[in-house]
Amino acid sequence: MVNIPSTQKAVVFEKSGGPLVYKDIPVATPGPEEILINVKYSGVCHTDLHAWKGDWPLDTKLPLVGGHEGAGVVVAKGDQVTNFELGDLAGIKWLNGSCLSCEMCNLGFEPNCPHALLSGYTVDGSFQQYAIAKAIHAAPIPKGTDLAKVAPILCAGITVYNAIKESGVKPGQWLAITGAGGGLGTLCIQYAKIMGLRVVSVDTGDAKAKLTSQLGSEVFIDFATTPDIVSEVIKVTDGGPHAVINVAVAEKPFELSCRYVRPRGTVVAVGLPANAYIRSEIFSTVIKSITIKGSYVGNRATTTEALDFFARGLVESPIKIVGLSELPKVYELMEKGEIAGRYVLDTSK
Ligand code: NAD
Ligand code: ZN
């Protein structure tokens with residue numbers, strides 16, 4: 001039998017933007033269809049920062065334990081759970097649960113389920129040592145996997161892999177990524193390479209220029225110093241990228257991407273800057289016949305596929321590990337755009 005403590009360490013906030021308190025809280029008991037995961041590591045996604053700030057038009061649970069890239073070990077399960085055994089490795093994803101009986105779930109569009117439960121947003125997430133997940137949606141992680149490195153795959157990896165598929169881009173074609181040096185962007189470069197694409201990265205600073213190139217991006221365009229980003233992207237891709245994945249947390253790059261995308265190309269919105277709109281001039285939208293679409297995490301099949309690429313050693317997770325108690329410092333760096341890659345929290349510290 002696994003010894004489960006009655007209390008654990010967690011980072012909790014009582015109100016949006018309020019103090020992030022590292023403290024002891026009770027360990028929850030899983031319901032009939034749930035598993036309890038002893039979270040060893042959790043990635044810090046920019047979504048967690050949005051959740052804490054409360055800047056999206058969707059209320060969070062309060063008080064809230066954030067986090068949705070949690071990797072750990074199953075230590076308890078409800079009596080209806082058949083797909084996990086105690087001791088298995090499992091991941092907490094953004095999509096904690098969905099109804100599996102609505103039209104969206106039936107079609108495999110589980111993230112679009114109107115009854116979706118969101119980890120670290122509408123239910124407590126992975127910034128704690130023991131977190132609950134609906135067993136049917138928890139990610140199965142192969143035995144022997146490095147839990148710190150797999151953590152960012154559980155949101156960032158799944159999301160960008162899904163977005164590339166949604167873009168319809170084909171091997172040999174150009175993909176532009178805005179926000180390429182951040183958590184989602186650095187994984188997007190790698191999934192794109194595996195899928196046979198040529199990558200141009202848009203972000204800023206020497207650290208991100210270096211990292212994106214190490215990961216396989218062919219060109220770096222610094223948005224802060226390039227006078228005409230649109231012309232530059234069109235020039236280096238000889239006519240514009242066939243698709244653009246926008247993971248930048250700013251409105252402007254979405255608009256620019258509609259201007260530089262190649263005729264018949266696809267602009268994918270993934271980043272979620274608050275109160276922002278995608279502006280695309282109608283005449284050129286029609287004449288170039290471009291597609292503009294959103295992409296939202298991934299379903300269970302996409303999760304398995306994204307994890308499989310990682311398990312086969314095809315995706316490097318560019319992480320820095322710090323203790324759970326250091327979450328406020330990570331948010332500070334993220335707010336300033338100073339994180340190249342992903343921070344992962346060690347829940348034992
Ligand atoms: P991050 O902070 O690690 O990376 C964002 C990057 O955007 C940074 O490197 C920053 O320098 C760059 N950036 C800022 N302004 C830019 C500009 N004008 N042009 C180009 N790049 C710019 O964030 P992340 O964790 O990668 O998350 C990115 C966004 O994606 C967040 O808004 C997050 O909420 C969202 N997200 C969406 C989904 C989804 O399913 N659609 C899933 C996960 C995260
Ligand atoms: Zn995320």
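All values derive from a computational prediction rather than experimental measurement. All ligand and atom numbering here is 1-based and tracks the order in the structure.
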Numbering as shown, the atoms of ligand 1 that approach Val202 to under 4.0 Å (heavy-atom distance): 20 (C), 21 (N)

Proximal atoms of ligand 1 relative to Gly179 (non-hydrogen, under 4.0 Å): 6 (C), 7 (O), 12 (C), 20 (C), 21 (N)

Lys61 and Asp124: CA distance, side-chain angles, deciding distance, side chain to side chain contact (heavy atoms under 4.5 Å, CB included) verdict: CA-CA 8 Å; Lys61 163 189 177 291; Asp124 283 342; 2.8 Å; yes

Parallel, tilted or perpendicular: rings of Trp52 and Tyr331 (30°, 60°): parallel

N or O contact, Gly341 vs ligand 1, cut-off under 3.5 Å: no

Ser213 backbone acceptor or donor facing Ser217 side chain under 3.5 Å: no

Closest protein heavy atom (residue, atom, distance) for atom 43 (C) of ligand 1: Cys155 SG, 3.4 Å

Any Lys252 heavy atom less than 4.0 Å to ligand 1: no

Distance from atom 26 (O) of ligand 1 to nearest protein heavy atom, with residue and atom: Leu184 N, 2.9 Å

Stepwise side chain to side chain contact (heavy atoms under 4.5 Å, CB included) check, Val39 with Gln128: CA-CA 7 Å; Val39 178; Gln128 56 182 336; 5.5 Å; no

Closest protein heavy atom to atom 30 (O) of ligand 1, given as residue, atom name and distance to 0.1 Å: Gly271 CA, 3.4 Å

Distance-only side-chain donor-acceptor flag, Thr159 / Asn162, under 3.5 Å: no

Check: Leu272 N/O within less than 3.5 Å of ligand 1 N/O: yes

Enumerated ligand 1 atoms positioned under 4.0 Å from heavy atoms of Thr159: 38 (C), 39 (C), 40 (O), 42 (C)

Lys77 and Glu85 ion-paired at < 4.0 Å: yes

Per atom 1 (P) of ligand 1, closest listed option by heavy atom (Glu335, His46, Glu338): His46

Any side-chain donor near an acceptor of the partner, Trp94 and Tyr121, under 3.5 Å: no

Heavy-atom nearest neighbour in the protein, as seen from atom 34 (O) of ligand 1, with distance rounded to 0.1 Å: Thr47 OG1, 2.7 Å

Under 2.8 Å from the Zn ion (ligand 2) - protein N/O/S, by chain and number: Cys45 SG, His68 NE2, Cys155 SG

Trace of the salt bridge (Lys or Arg N to Asp or Glu O under 4.0 Å) decision for Lys252 with Glu255: CA-CA 5 Å; Lys252 189 76 185 167; Glu255 178 194 337; 3.8 Å; yes

Pairwise salt bridge (charged side-chain N to carboxylate O under 4.0 Å, His left out) hits with a residue in residues 155-171, at least two apart: Lys165-Glu305, Glu166-Lys293

Distance under 6.0 Å and angle within 45° of ring axis: Arg312 vs Phe309: yes

Side chain, backbone, both or neither: the part of Ser295 lying under 4.0 Å from ligand 1 by heavy atom: backbone

Qualifying salt bridge (charged side-chain N to carboxylate O under 4.0 Å, His left out) pairs with a residue from residues 90-118, counting only residues at least two apart or across chains: Glu110-Arg300

Numbering as shown, the atoms of ligand 1 that approach Val249 to under 4.0 Å (heavy-atom distance): 5 (C), 7 (O), 28 (C), 29 (C), 31 (C), 32 (O)

Val297, any N or O under 3.5 Å of ligand 1 N or O: yes

Close-contact set for ligand 1 against Met334 heavy atoms, below 4.0 Å: 2 (O)

Qualifying salt bridge (charged side-chain N to carboxylate O under 4.0 Å, His left out) pairs, either residue in residues 265-275, two or more places apart: none

Between Asp203 and Ser201: side-chain donor-acceptor atoms closer than 3.5 Å: no

Proximal atoms of ligand 1 relative to Gly182 (non-hydrogen, under 4.0 Å): 3 (O), 4 (O), 9 (O)

Which of the ligand 1 atoms, numbered from 1, are nearer than 4.0 Å to a heavy atom of Lys208: 8 (C), 9 (O), 10 (C), 11 (O)

Between Asp24 and Thr7: side-chain donor-acceptor atoms closer than 3.5 Å: no

Polar atom proximity, Gly183 to ligand 1 (N or O, under 3.5 Å): yes

From CA spacing to verdict: side chain to side chain contact (heavy atoms under 4.5 Å, CB included), Val11, Leu324: CA-CA 7 Å; Val11 177; Leu324 175 62; 3.9 Å; yes

Contact partition for Trp56 relative to ligand 1, non-hydrogen atoms under 4.0 Å: side chain

Under 3.5 Å donor-acceptor, Arg198 side chain and Trp174 backbone: no

Region of Ala250 that comes within reach of ligand 1 [heavy atoms, distance under 4.0 Å]: side chain

Taking atom 11 (O) of ligand 1 as the reference point, the nearest protein heavy atom with its distance: Asp203 OD1, 2.6 Å

Closest protein heavy atom to atom 19 (N) of ligand 1, given as residue, atom name and distance to 0.1 Å: Phe223 CD2, 3.3 Å

Contact partition for Val270 relative to ligand 1, non-hydrogen atoms under 4.0 Å: both

Top protein contact for atom 28 (C) of ligand 1, by heavy-atom distance: Val247 O, 3.1 Å

Per-atom contacts of ligand 1 with Arg342, taking only distances under 4.0 Å to non-hydrogen atoms: 24 (P), 25 (O)

Short side-chain to backbone donor-acceptor contact, Glu69 and Leu154, under 3.5 Å: no

Taking every non-hydrogen atom, the tightest pair across Cys258 and Ile278: SG-CG2, 3.7 Å

Thr204 N/O under 3.5 Å from ligand 1 N/O: no

Proximity of Tyr296 to ligand 1 by residue part, where a heavy atom lies under 4.0 Å: both

Side-chain ion pair, Glu332 and Lys329, N-O less than 4.0 Å: no

